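Hydrogens, waters and symmetry mates play no part in the numbers below; they use all other heavy atoms, side chains included. As the structure is a prediction and not an experimental result, all values here were calculated from the model. Start at 1 and go down the list; that is how both ligands and their atoms are numbered.
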Amino acid sequence: MQKSPAKLAKLTAILGDGEFHDGNALGESLQMTRSAVWKMIKKLERYDVQITSVKGKGYALSEPLILLDADAIRKQLRDKKCQLTVLESVGSTNDYLKALRKSKDIHFCAAEQQTAGKGRFNRAWYSPFGRNIYLSCLYPFQKDISELAGMSLVVSLAIVHALKQAGLQENVFVKWPNDIVCGGKKIAGTLIELSAESHGASHAVIGIGLNVNMLNDERGKISQAWTSMRRELETYFDRNLICAALINAMRDYLQRFEREGFGAFVKEWKSEEILTGKTVALKTVGATITGKVTGINAQGNLLMKLPDGEVRAFSSGDTSIVKK
Ligand code: BTN
């Protein structure tokens, strides 16, 4: 695990103008030696960042790259008490926060890269350096785990809220339980890991993977249809602003959930979700069940009308719309 050094962010900010900058000038701007600059360039190349290097001219980035900057994110936060750690590289931001489980504060962790990013159902979450958001939140609840039903749906609503604020107005929906889709393609997903504490308290580690500036999956790692904010809006996003919007939304939604429960979000869920009225295949650990979605119940479980007419509630699974 490496903390994100501000110098690397400064270097990419300078190189991001598309012009060539020579090692000496970069060293002067960053107050470091030419060889230290060279080491940072090599580090960026190891992270798969495309750098053009021309003898006599110096280095240039082939496309903009604004790195995460903890101070820039903090400036945008409504609750200055939220703890935030920004890492250059980590196995998984969820695992990083699990080690802090004794904390009484809300703690966020974002990383430029995850080397062992985790998705739901033991899938891997492709986490290339500098392109997307890998953000986790450690949230200490004064509630028993059994009272957290519906929380994962609330998190999805918070993500949609932040995406809409960032300009993705149309075509963004929540797909029960934890996917955010845009034009039918996945743009974000959430992995929630819960643990019980003593005296009826609990901790949630909520990890969000959001595709922001990723244009291609060069390594062919993503098995499902996907999109990104940049693909949708054809513009490069400063992830610091998106990260701050996500943190603000998560904190507001989770605090309201803690006070008022899932009931306070049912109306919003109905207006943001995409499955009701559709024929859906629900993949659970043991089986795939097909039926027509009629909505959710008070606990946030998915209600499906099965071919025999019975309406059943499901608490977990992976959903896909069956095309007719
Ligand atoms: C899914 O849709 O399968 C959930 C993906 C969750 C990915 C995020 S990225 C940040 C956090 N750290 C992880 O290892 N996973 C989550």
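Remark: ligand 1 atoms within the under-4.0 Å shell around heavy atoms of Asn94 are 11 (C), 12 (N). Atoms of ligand 1 lying under 4.0 Å from any heavy atom of Lys118, numbered from 1 in the order shown and given with element: 5 (C), 6 (C), 7 (C), 13 (C), 14 (O), 15 (N), 16 (C). With ligand atoms numbered from 1 in the order given, ligand 1 contributes 10 (C), 11 (C), 12 (N) to contacts under 4.0 Å with heavy atoms of Thr93. Close contacts between ligand 1 and Gly117 involve ligand atoms 14 (O) [criterion: under 4.0 Å to a heavy atom].
Checked against a 6.0 Å centroid threshold, the rings of Tyr139 and His203 do not count as neighbours.
The single protein non-hydrogen atom nearest to atom 12 (N) of ligand 1 is Gln114 OE1, 2.8 Å, given as residue, atom name and distance.
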Between Glu193 and Lys118, is the salt bridge (Lys or Arg N to Asp or Glu O under 4.0 Å) condition met? List the steps.
CA-CA 11 Å; Glu193 301 180 78; Lys118 306 182 290 185; 3.1 Å; yes

Go through the steps for Glu272 and Lys164 under the test salt bridge (Lys or Arg N to Asp or Glu O under 4.0 Å), then give the verdict.
CA-CA 11 Å; Glu272 305 289 8; Lys164 290 195 167 173; 2.9 Å; yes

Given salt bridge (Lys or Arg N to Asp or Glu O under 4.0 Å), test Arg34 with Asp22 step by step and report yes or no.
CA-CA 9 Å; Arg34 191 192 156 101; Asp22 78 49; 5.2 Å; no

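For Arg123 and Asp318, the salt-bridge test passes: some basic side-chain N is under 4.0 Å from an acidic carboxylate O.
At a heavy-atom distance under 4.0 Å, only backbone atoms of Leu135 (N, CA, C or O) approach ligand 1. If you look at Asn178 next to ligand 1, there are no close heavy atoms at all, none under 4.0 Å.
If you check each of Lys186, Gln224, Arg120 against atom 2 (O) of ligand 1, the one with the closest non-hydrogen atom is Lys186.
Among the atoms of Arg123, none of the N or O lies under 3.5 angstrom from an N or O of ligand 1. Between Trp125 and ligand 1, not a single N/O pair is under 3.5 Å apart.
Under the 4.5 Å side-chain criterion, counting only non-hydrogen atoms from C-beta, Asn94 is not in contact with Ile192.
Residue Trp176 is tested with Leu282, Leu303, Ile274, Thr276 for a side chain to side chain contact (heavy atoms under 4.5 Å, CB included); the sole match is Leu282.
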